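Because the structure is predicted, anything quoted here is derived from the model rather than measured. A note on names: the letters A, B, ... follow the listed sequences, proteins ahead of strands, and every chain is numbered from 1. When reading the values below, keep in mind they use all heavy atoms of this one structure, side chains included, and skip hydrogens, waters and symmetry mates.
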Amino acid sequence: MIETDLEKRISAAAVRLFGKEAAQEARIQKTNNSLFGDYQSNFAMSSARALKRNPREIASALTDELSKEKCFEKVEVAGPGFINMTLKKEYLEEQVYDGIAPAKEISHKGAVIIDYSSPNIAKPMHVGHLRSTVIGDSLKRIFQFLGYQVIADSHLGDWGTQFGKLIVAYRRWLDPEAYKKNPVEELEKIYIRFEQESEKDPGLPEAARKELVKLQNHDPDNLALWEEFVQISLEEYSRLYQELDIHFDTMYGESHYHPLMPDIIRELKEKQVARESEGALVVFFEEEENLHPCIIQKKDGAFLYATSELACIAFRARQYEVNRMVYVTDARQESHFKQVFKIAMRLGWDFELVHVTFGLMGLKDGHFSTRKGNVIKLKDLISEAVTRARQVVDEKNPDLNDTDKKEVARVVGIGAVKYADLSQNRTSNVIFDWDKMLSFEGNTAPYLQYTYARIQSLRRKAEESGLLLPEGNVLDIVNETERTLAISLLQFPYSVHKAAEAYRPNIVAEQLFDIAQKYNTFYNSLPVLKEDEPTALSRLQLSVKTAEVLKVGLRLLGIKTVERM
RNA sequence: GCGUCCGUAGCUCAGCCGGAUAGAGCACCAGACUUCUAAUCUGGGGGUCACAGGUUCGAAUCCUGUCGGACGUGCCA
C-alpha cells in the first residue's frame, strides 16, 4: 500500500534526523490540488512543538533527506511547513501495476462475528431492513478481503409476545388460500387484524397471553405452529437473501439462546453485577456512564432483550474463537447496546464489541408502520428496481439478447438499490425516495458498472484487432489525465483499510466513484486503440487495471458487474 | 428534564483522528456522438459550512453555549 510505504519512509527519515522521539506517526495524505504534488505530509507543523524547532526548518531538513529516496520526482517545502511530494513516473507505474491489491493482514487471531439484517419472524422484510443488511454484508466482504475470518449471523426475532397474538389470529382469521400463496404476507395481515380488533375486544390480548404461556411451556400444538411460522419465514428470507447475493453462516434466533439465559442470570447474580429492584433483576450504572438501569429479568420471571443479547455473546464466546463482535442496527438501539457491552465488560468477558449504527429510514410524512400498512416491502423494491433497469437496457442496448438483458437488469437494479444505501454515511434519518434509490445516473452503481462494461468492451475490441497485453508492465504514464487516474487507483487499497477501520463501506464507494469519474474523463479524451502500439498498450493496461479495481471494489460492496450493458 | 445523533449549494449528500482556493451527484444553462458503449464527457452559475464564543500558526472539522430537527429514556425488541 503506497500510503504505508511513504509513511514508513518519512518516519525513518525523521528518526534519522531528529532521533527516536520523532518517531511519532507521520501521516500523509493525497493533496487536494496537483499544484502541491501528489502527496503531502504535515509532519513538520504537527511535530514542531515537540521537537522545539521551527516547522519550516524541520520541513526543509526532511525534504533534503527525502529527496534521496528514489520514489520521488520532487520534494518541496511550501507555506508554513507542508512537505509536498511528487512521485517518480517509474514508481507510480510500478505501484499501479502491482500495488493495488490490499496487503492482507495475515495474523488475525479469532473471528469477527457480524450481526446484521435480523428480521422478525412472520413479517416480510421491508426497506427498513435494507441498510443493516447491505452494510453488514459489505463489512463482511471487506473484512474477509483483509484476511479476517468472518462469521455472518442474522439474529432472528423468533421469540416473544407476538407469537401469542399470531397463534390466536391464525386460528381465527387465517385465509388458507392466501396463506398458501403468500404465507408471510398473510401472517402479517392477520397480525395487523389482531392489533386492530384488540382495541375493541380486550379478551384478545388476554387470549394471546395464554397462548404465549402455553407455547413457552412447550404445548405441542402451539410449538408446531411456531415452528411452521419460523419455517415459512425462513424460506422467504432465504429467497430474498439469495436474490440479493447475501449469505449467512448462521441464522440463530432468540429462541436459540433461551436455554442459556438462566446461566446468565446466575452469573450476573454471582458476580454481583445485577441486583434486585422492585421485584425485577436490574443492572445499575454509574452516574457518569449516563445510562438508564437495564432490566435483565422482569418481576414475572420473564427474560428481556438484553438477557438474550448477553446469552448470545456467551454462546458465541463458547462456540468460536472470537476476537470481535460487530452489530449493525439502526441508531435507536444505541443505548441498549451500550448497556449490554458495559454489562459484558463487568462480567469480565473480554471481546471487542462494536455497534455500527445508521439512521432510520422513513417517509416524507412520518414513519413506516406495519399497522398503517405503508411499509415498502423489500421484494417490491427489488422488483421495481429490476423493472426500471430493464427499461433502460431495452432503450440503451436493444441488440442484447433477452437472457443478457434479464441478467443486466437484475445486476443493475439490485446494484443501484444497494449502492444507494452504501454510498452514504448518514447517522441521521433518511427519507425513502423511489427516484433517488433507483437512479441510474451520476454517483450510482450503474455508473460504476457501466464504466466497467465499457472497459470490457474496449478489451474485446483490442483483442479482435490483435492488440494483446504482454506479460509484465507496459504502463507509460505520460500525461496529466492518465496520472490523475493512476493516483486515484492507488488510493483504493487504503480506502478499503479505512472502511474496515471505521466500519464504513461508503469510503470504498466514494473511492470507486472517484476512480470511475477519472477513468471516464480519460476515456472521453484519450483514444486507446487508435494509438501506436506502445501508447495503445499502456492505455489498455491502465484500463484493464481500472476494471480490475472496479470489479473487486464493487464486490466488496456486494455488487456484481456485467461484461456488457 | 436527561442522554445520543444530526444541521455543509435549490435538492440529496461527501469531507469531520485540524491543514493550502469547502467537493460530488441531481436540477438548471451552454457545448461534445460518420471516432474504442452519450447509463458518458467538457464548461458555467450557485456556499455567512445553523448561530455565537473559545482553543490553534491554521477550524466545516476540536471545546463551550444557543437555536432547530430526529431518536432514546425501568419491566417491548
Contacts of type side chain to side chain contact (heavy atoms under 4.5 Å, CB included), residue A/Glu199, not counting sequence neighbours: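 With neighbours one apart ignored, the set is A/Arg371.
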
Can you list the residues that meet the ring pair (Phe, Tyr, Trp, His ring centres under 6.0 Å) rule with [X], with sequence neighbours excluded?
{"X": "A/Phe522", "result": "A/Tyr519"}
{"X": "A/Phe337", "result": "A/Tyr327, A/Phe341, A/His355"}
{"X": "A/Tyr523", "result": "none"}
{"X": "A/Tyr305", "result": "A/His336"}

Range-with-range stems for RNA chain B, at least three Watson-Crick or G-U pairs under 3.5 Å: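 When the pairs of RNA chain B are grouped into runs of at least three, the stems are B:1-7 with B:67-73, B:10-13 with B:23-26, B:28-32 with B:40-44, B:50-54 with B:62-66.
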
Anything under 3.5 Å between a protein N or O and an N or O of nucleotides 30-36 of chain B, put it in a table, one pair a line.
from, atom 1, to, atom 2, distance (Å)
B/U35, O2', A/Lys530, NZ, 2.3
B/C36, O3', A/Lys461, NZ, 3.2
B/C36, O2, A/Leu529, N, 3.2
B/C36, N3, A/Val528, N, 3.0
B/C36, N4, A/Tyr523, O, 2.8
B/C36, N4, A/Leu526, O, 2.7

Qualifying side chain to side chain donor-acceptor pair (under 3.5 Å) pairs with a residue from residues 154-169 of chain A, counting only residues at least two apart or across chains: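 Counting only pairs at least two positions apart or across chains, the side chain to side chain donor-acceptor pair (under 3.5 Å) contacts touching residues 154-169 of chain A are A/Ser154-A/Tyr241, A/Asp158-A/Ser255, A/Trp159-A/His258, A/Lys165-A/Glu195.
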
Contact list for residues 74-86 of chain A, test side chain to side chain donor-acceptor pair (under 3.5 Å), sequence neighbours left out: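 For residues 74-86 of chain A: none.
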
Those residues of residues 274-284 of chain A lying under 4.0 Å from RNA chain B by at least one heavy atom: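 Hits under 4.0 Å, by residue number: A/Ser277, A/Glu278, A/Ala280, A/Val282, A/Phe284.
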
Identify all pairs in which a protein N or O lies below 3.5 Å from an N or O of nucleotides 22-24 of chain B, and state each distance.
from, atom 1, to, atom 2, distance (Å)
B/A24, O3', A/Gln517, NE2, 3.2

Within residues 446-467 of chain A or reaching into it, pairs that qualify as ring-ring contact (aromatic ring centres under 6.0 Å, His included) - sequence neighbours excluded: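 Pairs touching residues 446-467 of chain A that pass the test: A/Tyr447-A/Phe513.
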
